[in-house]
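Notes to accompany the following structure.
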There are 2 protein chains.
Amino acid sequence: MKRGKIWRQANPTDPAFSPETSPFFHLSRLVGLYHLRMDAHLKPIGMDVPRWRVINILHEHECATISTIADLAVIRVSTMTKLVYRMEGERLVSTAVSSTDGRVTEVRLAEKGRNALDQVRSKAGLIFERAFHDIEDADIQTFMTLTRKIYDNIY
Amino acid sequence: MKRGKIWRQANPTDPAFSPETSPFFHLSRLVGLYHLRMDAHLKPIGMDVPRWRVINILHEHECATISTIADLAVIRVSTMTKLVYRMEGERLVSTAVSSTDGRVTEVRLAEKGRNALDQVRSKAGLIFERAFHDIEDADIQTFMTLTRKIYDNIY
DNA sequence: CCAAATAAGTGGAATAATCAACTATTCCAT
DNA sequence: ATGGAATAGTTGATTATTCCACTTATTTGG
């Protein structure tokens, strides 16, 4: 059986569809809850989920444009512009106009942003532990592979 | 191997952690993109993702309190209060104070909300098709089971 | 090489989400 | 019965996001 009963019920156009049989409903719910939990941990240290994602991306990229960050974080460019400048005001990142292309703004982690990274990772670690404590490697692998595949499908 | 290399790299406190090895990063990204795609389809028919989730839940429950909907959709109660009354203003739902408990507000789908459901499901169907066209039953099943398990772990 | 097209980002008004403080109702333990 | 705790929701101030029109910079086709 390839695309049988499960697939049909997961399809919103099917009469048997319901939130319970919908992968996207479950996904949205999980991510929503994850964000709630993260926010609860991050608020006390003056951080939040969008900022954390930016910091994480900049940790990987050292120097990225506003568009690149927006794209990686899947946040609209104008939202990211404002977020980046808020974060610059908080000394978490620094910005500079590119020397080779006057349109682009290069963003990089500032000292304070690098410090925040460690703090936030320890908080994120708590939630990760709780979420994945009874899930083994093979399942995490499968899960990420599928997530990635679905992402690519709708990209 | 139960909790080996994959698990370690997925843990934000591990030195080898990165967005690429993080299940939550992939998840957030997928859901973010899904919401972007849905919004693009829903906007032209005067709908959006939060409204759609409420409508879907009410289709399942016939009559639900604001807290119940907020809980199922993982949205804060005060946000849901405002959303519900916006939706009532748009004649998508109706509200009434419970006859047995004066504190609770019972929400149900209105005529217009039921009509919207069909329209929105056909839009959601397009994205579902695109997202899952090459993913078979067994994988959808696994995926939903894991999603549910992680959700329960952090609930 | 220049005009048109494209790309990157910005700014402001409108909309929505969040926080915290508050009201009203019900529950429950004396 | 009744006063305190808990539950359900509301409201207003604050903050964040979104839309969209616009500017400036680069690229490209003729």
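All chains are named by letter (A, B, ...) in the order of the sequence lines, taking the proteins before the strands, and each is independently numbered beginning at 1.
- For A/Arg53 and B/Phe25, the positive end sits near the middle of the six-membered ring, less than 6.0 Å away and at most 45° from its axis.
- Rounded to an integer number of Å, the gap from A/Trp52 CH2 to D/dA16 P is 19 Å.
- Closest contact between the side chain of A/Pro50 and the listed nucleotides C/dA24, D/dT17, C/dT18 involves D/dT17.
- With D/dA16, D/dG9, D/dC19 as the candidates, the nucleotide lying closest to the side chain of B/Lys43 is D/dC19.
- For B/Thr105, counting side-chain heavy atoms from C-beta on, the closest listed nucleotide (D/dT10, D/dA16, C/dG11) is D/dT10.
- As rounded to whole Å, 12 Å separates atom P of D/dT17 from atom CE of A/Met87.
- Summarising the geometry, the separation between CG on A/Asp48 and P on C/dC19 is reported as 10 Å, rounded to the nearest angstrom.
- The CD-C1' distance, from B/Glu88 to D/dT10, rounds to 14 Å in whole Å.
- Mapped onto DNA chain D by nearest heavy atom, A/Ser99 and A/Arg51 fall at different nucleotides, with A/Arg51 at the one closer to the 5' end.
- Look at A/Lys149 and A/Asp152 and you find no salt bridge, because none of the NZ, NE, NH1 or NH2 atoms lies under 4.0 Å from a carboxylate O.
- For B/Arg86, taking side-chain heavy atoms from C-beta onward, the closest of the listed nucleotides C/dA17, C/dT25, D/dA16 is C/dA17.
- Taking only side-chain atoms of B/Thr81, from C-beta outward, the nucleotide of C/dA8, C/dG12, D/dT11 with the closest atom is D/dT11.
- Nearest nucleotide to the side chain of B/Arg76, out of D/dC19, C/dC19, C/dG9: C/dC19.
- Distance from the side chain of A/Ser78 is smallest to C/dT10 among C/dT10, D/dT26, D/dT10.
- One interatomic measurement links the two molecules: CG of B/Leu83 to C1' of C/dT18, which rounds to 14 Å at whole-angstrom precision.
- Comment: B/Glu111 does not engage B/Arg91 in a salt bridge, judged by the lack of any side-chain N to carboxylate O separation of less than 4.0 angstrom.
- Taking 4.0 Å as the cut-off between side-chain N and carboxylate O, A/Asp48 and A/Arg51 count as a salt-bridged pair.
- No salt bridge links A/Glu88 with A/Arg86; every basic N to acidic carboxylate O contact stays at or beyond 4.0 Å.
- Across the protein-nucleic acid pair, A/Lys82 atom NZ and C/dG11 atom C1' stand 7 Å apart, rounded to whole Å.
- Out of D/dT17, D/dC19, D/dG9, the shortest distance to the side chain of A/Thr79 is found at D/dT17.
- One can place CE of B/Met80 at 9 Å from P of C/dA17, the figure rounded to the nearest angstrom.
- Distance from the side chain of A/Arg103 is smallest for C/dA7 among the nucleotides C/dA13, C/dA7, D/dA13.
- Atom CD in A/Glu106 sits roughly 14 Å away from atom C1' in C/dG9 (whole-Å rounding).
- For A/Tyr85, counting side-chain heavy atoms from C-beta on, the closest listed nucleotide (C/dA8, D/dT7, C/dT10) is C/dT10.
- Of the residues near DNA chain D, A/Ile75 and A/Thr100, the one whose nearest nucleotide (by heavy atom distance) lies more toward the 5' end is A/Ile75.
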